[in-house]
Amino acid sequence: MHFEQRTVTCGKLRPEHAGQQVVLNGWVNARRDYGGIIFLDIRDRDGVTQAVVDTSHRADLGEQIREVRSEYVIWVKGAVRMRENPNPNISTGLIEILADDIGVINPADVTPFEIVDDLGTNEELRLTYRYLDLRRPILQKNFFTRNKLSQITHRFFEEEGFVEIETPVLTKSTPEGARDFLVPSRINKGRFYALPQSPQLFKQLLMVSGFDKYMQIVKCFRDEDLRADRQPEFTQIDVEMSFITQEDILGLTERFIKKAWKEILDYDVTVPFLRMPFKEALERYGSDKPDLRYGLELTNVTEIARSSSFTVFSESVASGNVVMALNAKGCATFSRKQIDELGEHAKKYGAKGLPWLKVSGSEVTGSFVKLVNDAERDELLTAMNAVDGDLLLFFPGEWERACTVAGALRTEVAKRTGVLASVAGTYSFHWVTEFPLLEYSEEESRWIARHHPFTAPMIDDVALLSVDPTHARAIAHDLVINGYEAAGGSVRIHTNDVQTKMFDLLGFEREDADAKFGFLLNALRFGAPPHGGIAFGFDRLVMLLCGTDNIRDVIAFPKTTSGLSLMDGCPSDVDAQQLTNLGIALSKL
RNA sequence: GGGAUCGUAGCUCAGCUGGUUAGAGCGCUGCCCUGUCAAGGCAGAGGUCGCGGGUUCGAGCCCCGUCGGUCCCGCCA
C-alpha cells in the first residue's frame, strides 16, 4: 500500500512548528466523527497528535477515511496549526494537523481489548495478545526505563574498570540450589546440559584468569514455582571483582544505585546505606529483607513470657522457643472478624494461633487476658509501648519462625492500615549482612549453604565451623530496597583447602565433590586471587524504578505463574522424530 | 506439593434461597451531526454462562472432575 513516510513522530510538534508542512505515521488511537469534521488521534511510541479532517477544506478526504477505525495504521500529511480548543492532557495538546492528504497503510481488525492505559482487562487476555498489550503507553514507558537502566549499567561499570564477558548458556547441572532447566544433548545421547541458575562458577574462574573486574547483564534460569516478582528466566547484573574486601563491593553497589536512581528518577539516594545484621533484621522486622520505609517494629517479650501464667507462652519459652510481639498501632478498632483474618494469615506462615490483646480506653481485652494477672499484662503493655487504640499480636515459636510470622503480620498490618500506601513513591535502601553460613536441612538431614557453597565464612567464625556450624556467619550481603531483595552476593572462598572443608561440611564425599566441582577445586590450586561480588536482580530494579509490583510489567514476553507463554503456547509437544534424535522416550504422565 | 480466589456478550461486570425469553456500561455495526479529546443523539447486532460429567421436573447458580488466570505457603544455593 502506498504511504508517505513520516517527517516527524507523534510527540514532537509544538506551537513553534505552526505553519510547517509535516507527515505523520502511526496508529489511530481514537476517531471522533462529527460528519463534516473528523478528529483522528495518531499514536506512536513518542506520543499522540490530533489530525483534523475538515471536509470544508478537502471535501474528498471524508470518504477516503470512511472505514478508518481504531488501530488502523495510517499516514497523514498536512500543516501544523494552533488548536481552537487546546488539550492540556497531552504534550502536543496546543497544536493539530489539518489534513491535506491521508491514507491507510494497513487496516486493523477490532482489537480484543482497547489500547488504553487504565485497562481493566485480565492478564490472561493481555498476555495472549502481548504485542497489543505492549502498544499501551504505560507499558512502553517501562521498557524505555529498562533500556535506560541497561545503558547506565554498561556505562557505570565500564567507567569503574569492569569488562563484560559472556559466559556459557549451556552449562553443567549442579546439585546445590534451585532446580535446573535441562537441555538434552543430541550428540551425546542420554546426557544433558543445564541452563545456568547464575554464572557463579564462571565468574569465579574469570577471577582466577586474572580479569580482575567482570560484569555481565545475563539471563538466568531457575525451574522453580513462580510469584508476582519471580519468572523462570530473568536477568541479572552479575558482578565479580578481585583483591577486594566486602567494603569494596558495598561501596561499588552504592555508587551504582545512586547513579541509577539519580539518572532515571532524579532521586537523590543517601549513601552509605544502613547496614543491619541478619539477626537484627529478623528480630526487629521479622524478615531478612524488611521494608524499612515504615516502622512497626517487633518486640521480643520472651523474658516476660517465661514466667507467664498463660501456658502457651511459658511452655514455649521452657522448650527453648521465644515469644515475639507486634504492636499494631491504632488497630484496636479491628473487628473480631478482622482479627480472625490476621490469625488466618499467621497460619499460612506456620503459626498455630494468634494470641492478641486490645487496648481500648482503660480497658484491655483479648484472647488470653483472663489467663494472666494485671501485673504481667501491664508489663507486656509497657514493653510494647502500648497506648489506647493499639492491638497487640503475639507469636510464640522457634526464633526464626516466630520472627518470620511476626514479620508477615507486620506487612499485612501495614497494608490494612494504609501505612504501605502512604510510603508509595519513596525508597529505602539498606544492607542485610552477617547471614548464617549454613542451615540445617531436616529434609536432607545435612547442612546446606544458606547463600551458596562458595561463600566465605567471616574470619572470626572460621573456628566455629568444626564445633558450632549453626552460628558461623558468612561474608554475605543482600541489598534490600522497599522490602525486595534487589541484589545479593558475598566474598568467595578462594583457597582449595577451605573450599574442600566446606564441601566436607556439606556432606559431599570427596569423589562426589571432585566429580561435580573438581574444575573449581583445581582452579583454586593455581593461584586464585581473593575475590567476591554481587548479582542484581535486573528485572526487580526495573520494577522498583517503574513503580510496579508485577515483574511481568517489565518483561516483554513473560510467562504466567504456571510457566506458560500464552502467546506462543510454549512449552509445547515436539515431534516424535525430535525425541528419537535425542534418544528420549516419554514415560506415561 | 499445598492453600485461597476467579472464569457469564469483543472488554469490565451484575445475575437473590435452583424457576419463564441471561442484563448493564464500554466497545462494535448503521444513520445523523463542523471543535471534540471518556464526544453526543437514534437504531441495531452480539451469549455452547471455560470444558466434561452428575444431581434435579428444571442448573449460570448445587456436586465431582478438568483446563486456565491471579495471589500466597513450601520451594527459589
Side-chain angles (χ1 to χ4, degrees), chain A residues 29-41 48-57 62 66-67 69-71 83-90 92-93 96 98 109-129 132 174-180 197-198 200-201 220-232 234 341 344-351 404-405 408 411-412 435 437-439 441 443-444 447-455 474 476 485 488-490 502 506 517 535 537 549-550 552 559-564 566 569:
Chain A
N29 199 53
R31 172 192 174 109
R32 291 179 296 279
D33 188 342
Y34 289 78
I37 187 166
I38 300 157
F39 299 101
L40 293 175
D41 291 342
V48 171
T49 302
Q50 172 169 285
V52 186
V53 173
D54 188 337
T55 47
S56 67
H57 175 68
R66 232 172 76 83
E67 59 163 278
R69 294 293 182 272
S70 290
E71 302 309 316
R83 287 200 193 191
E84 282 177 31
N85 304 307
N87 179 353
N89 299 320
I90 59 175
T92 61
E96 64 190 7
L98 177 63
D109 287 353
V110 175
T111 51
F113 48 85
E114 293 172 66
I115 312 299
V116 293
D117 274 351
D118 53 346
L119 188 62
T121 302
N122 72 60
E123 229 182 318
E124 191 172 355
L125 194 71
R126 288 173 44 204
L127 289 176
T128 305
Y129 297 94
L132 296 179
T174 54
E176 295 280 297
R179 274 184 283 265
D180 290 321
Q197 301 169 27
S198 94
Q200 180 60 36
L201 293 178
C220 302
F221 306 86
R222 291 178 192 172
D223 188 9
E224 295 293 345
D225 288 356
L226 309 182
R227 286 288 192 280
D229 63 347
R230 252 161 46 187
Q231 282 276 302
F234 59 98
E341 284 168 4
E344 286 307 307
H345 195 71
K347 277 181 189 159
K348 281 201 293 194
Y349 290 82
T404 304
V405 181
T411 307
E412 183 66 16
F435 282 87
L437 184 67
L438 303 163
E439 60 189 337
S441 166
E443 202 175 312
E444 298 179 52
W447 293 101
I448 57 173
R450 184 145 193 147
H451 185 49
H452 57 52
F454 320 110
T455 303
E485 183 191 333
S490 61
M502 178 62 80
L506 295 174
F517 298 110
D549 53 11
N550 181 345
R552 295 180 296 274
K559 309 285 190 286
T560 66
T561 49
S562 61
L564 306 179
L566 296 177

Presence of donor-acceptor pair under 3.5 Å, side chain of A/Arg126 and base of B/C11: no

Pairing nucleotide - B/A14, Watson-Crick or G-U, each distance under 3.5 Å: none

Which one is paired to B/C71, where only Watson-Crick or G-U wobble pairs with both distances under 3.5 angstrom count? B/G3

Please tell me if A/Ser562 has a side-chain N or O lying less than 4.0 Å from either OP1 or OP2 of B/G69. yes

Look at the side-chain N and O atoms of A/Asn122 and state whether any lies under 4.0 Å from the OP1 or OP2 oxygen of B/U12. yes

When you get a sec, tell me which of B/U29, B/G35, B/G27 is the closest nucleotide to the side chain of A/Arg69? B/U29

Between the base of B/U36 and the side chain of A/Asn85, is one N or O donor paired with an acceptor at under 3.5 angstrom? no

Let's test your reading of the model: under 3.5 Å, does the base of B/G74 pair with the side chain of A/Asp225 as donor and acceptor? yes

Considering just the side-chain nitrogens and oxygens of A/Arg31, establish if one lies under 4.0 Å of OP1 or OP2 belonging to B/U36. no

With a 4.0 Å cut-off on heavy atoms, is A/Pro88 in touch with a base, just the backbone sugar-phosphate, or nothing at all? nothing

Is A/Gln197 touching bases, backbone alone, or none of the nucleic acid, heavy atoms closer than 4.0 Å? nothing

Think A/Thr561 has a side-chain N or O under 4.0 angstrom from the OP1 or OP2 of B/U70? yes

Checking B/C75, B/U34, B/C37 against the side chain of A/Glu224 (C-beta onward), the nearest is B/C75

Touch class at under 4.0 angstrom, heavy-atom based, for A/Glu344 against every strand present: nothing

Go through the N and O atoms of the side chain of A/Glu96 and the base of B/G35, and report whether any donor-acceptor pair is under 3.5 Å. yes

Could you say whether A/Gly177 or A/Arg552 is positioned toward the 5' end of RNA chain B, judged by the nucleotide with the nearest heavy atom to each? A/Arg552

No-H, no-angle donor-acceptor pair, A/Glu84 side chain to B/U36 base, under 3.5 Å: no

Just N and O in the side chain of A/Tyr34: are any of them under 4.0 Å from OP1 or OP2 of B/U36? no

Can you figure out which of B/G69, B/C31, B/C72 approaches the side chain of A/Arg66 most closely? B/C31

Kindly indicate whether the side chain of A/Arg222 and the base of B/C76 share any N or O donor-acceptor pair separated by less than 3.5 Å? no

So does A/Ser56 get a side-chain nitrogen or oxygen closer than 4.0 Å to the phosphate oxygens (OP1/OP2) of B/U34? no

Is there a Watson-Crick or G-U wobble partner for B/U34 with both distances under 3.5 Å, and which nucleotide is it? none

Same-atom distance (C1') from B/G68 to B/G74, integer angstrom: 23 Å

